[in-house]
Amino acid sequence: SQKIEQNSEALNIQEGKTATLTCNYTNYSPAYLQWYRQDPGRGPVFLLLIRENEKEKRKERLKVTFDTTLKQSLFHITASQPADSATYLCALDTRPGGFKTIFGAGTRLFVKA
Amino acid sequence: GAGVSQSPRYKVAKRGQDVALRCDPISGHVSLFWYQQALGQGPEFLTYFQNEAQLDKSGLPSDRFFAERPEGSVSTLKIQRTQQEDSAVYLCASSLDTNTEAFFGQGTRLTVV
C-alpha cells in the first residue's frame, strides 16, 4: 500500500543552523510534492510545491529537493530561527487525477535560541 | 473574509448525536477538500468537491459521514450518530484549481463524549 514516512522524532537544532527534514514514500509515483507548516491549533500553511521533473526548488530560506529514484524529498531551512519551530508536513498527490493529497504525519522542529 | 473560515471552532457532542461542520472557502475557489486529523498525525483525506460536484468521497470512513456543497461555495460535513472514534480535528481546504496551492481553515475540533 502507499506510504509516506517522515521522521517521527522531533528535530532539535540551534538557531542559525540548517534544519533538514526528510520525506520518504513507497508504492507511489506522485506528479508533485508539497511541504506545509502547521502550528498548534492551526491549519497547515502551504510552503513549497515541487514537480516530478524538478530536482530542486528554493524560496527565501527554504529549499526542497525531490529525488524520484530514491523516492525521497529533503526540506531545508537555512539560518533557522526560533520562529521556524513548528510541525512540517510532506504531502503527495495521487494519480490519476490528483484529487487526493496524502499527508505524512509530520516532523516537529524545535529551534533553540 | 480573506481566508478559509470554519465553524464552529470547537464542538462537543454526545455519542449518538448528529453534528454539522461548516466551511466557507475563499471566494472563487473551485476545489474544496475535507480532511480529518487525529492528534499527532497528518491530515487524512475525506472528500473532494469541484464546484458543487463531489468527485471523490473515497476517504469518508463510513456511511455516517456525508458532505455537500450545493451551490459550489459553502460546504457542510455532516456526521450522523457520532462515535468516540470520530473525535478529531476536521480541516477544510480550498484551492483555485485541483493542482494549485491549497489554503486551509483553522479546523473544527470535534470531541465525542
Side-chain angles (χ1 to χ4, degrees), chain A residues 1-10 21-25 28 30-54 57 59 62 64 73 75 86-108, chain B residues 1-7 9-10 21 23-26 29-51 53-60 67 69 88-109 111:
Chain A
S1 63
Q2 298 164 334
K3 213 186 246 189
I4 301 174
E5 287 180 355
Q6 295 187 252
N7 282 359
S8 56
E9 288 182 21
L21 285 70
T22 306
C23 175
N24 295 296
Y25 59 93
Y28 233 158
Y32 58 89
L33 182 151
Q34 303 176 65
W35 283 89
Y36 285 81
R37 169 186 173 138
Q38 188 171 27
D39 292 282
R42 312 294 296 262
V45 174
F46 172 82
L47 295 174
L48 278 168
L49 179 151
I50 186 166
R51 301 189 187 280
E52 60 179 340
N53 59 349
E54 298 174 312
K57 200 132 189 207
K59 180 182 172 184
L62 308 180
V64 171
S73 174
F75 176 78
T87 296
Y88 291 86
L89 300 163
C90 165
L92 302 172
D93 78 302
T94 56
R95 286 187 174 200
F99 296 149
K100 185 190 296 190
T101 301
I102 308 292
F103 283 83
T107 298
R108 195 93 188 264
Chain B
V4 177
S5 177
Q6 291 188 246
S7 60
R9 279 283 279 134
Y10 302 93
L21 312 180
C23 172
D24 279 271
I26 294 173
H29 277 195
V30 167
S31 297
L32 186 144
F33 305 82
W34 282 99
Y35 291 87
Q36 180 190 61
Q37 188 173 25
L39 193 63
Q41 300 298 313
E44 286 213 22
F45 172 84
L46 294 177
T47 187
Y48 165 72
F49 289 87
Q50 188 173 82
N51 294 308
Q54 189 175 22
L55 297 186
D56 189 339
K57 54 181 181 179
S58 61
L60 295 176
R69 194 187 185 196
V89 174
Y90 290 85
L91 293 163
C92 174
S94 72
S95 63
L96 269 174
D97 201 344
T98 311
N99 295 336
T100 57
E101 174 184 349
F103 294 83
F104 280 81
Q106 291 201 49
T108 294
R109 181 178 293 279
T111 304

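Letters A, B, ... mirror the listed sequences (proteins, then strands); counts begin at 1.
- Residues that satisfy the ring pair (Phe, Tyr, Trp, His ring centres under 6.0 Å) test with B:W34, not counting sequence neighbours, are absent from this structure.
- Between atom OH of residue A:Y36 and atom CZ of residue B:F104 there is a gap of 5.0 Å, rounded to the nearest 0.5 Å.
- Around atom CD of B:E44, no more than 12 heavy atoms belonging to other residues, nucleotides or ligands sit under 6.0 Å away.
- Atom CZ of A:R42 has 12 or fewer heavy atoms from other residues, nucleotides or ligands within 6.0 Å.
- Proximity to chain A (any heavy atom under 4.5 Å) is restricted, for B:Y35, to the side chain, taken from C-beta onward.
- Comparing A:G41, A:C90, A:P44, A:G43 by heavy-atom pairs within less than 4.5 Å of chain B, the highest count is held by A:P44.
- In this structure, no portion of A:Q6 lies under 4.5 Å from any heavy atom of chain B.
- Interatomic distance, A:T101 OG1 to B:F45 CZ, rounded to the nearest 0.5 Å: 8.0 Å.
- Atom NZ of A:K57 sits in a crowded spot, with more than 12 heavy atoms from other residues, nucleotides or ligands closer than 6.0 Å.
- Residue B:R109: no heavy atom, backbone or side chain, is found under 4.5 Å from chain A.
- For chain A, the option among B:G59, B:P43, B:A102 with the highest count of heavy-atom pairs below 4.5 Å is B:P43.
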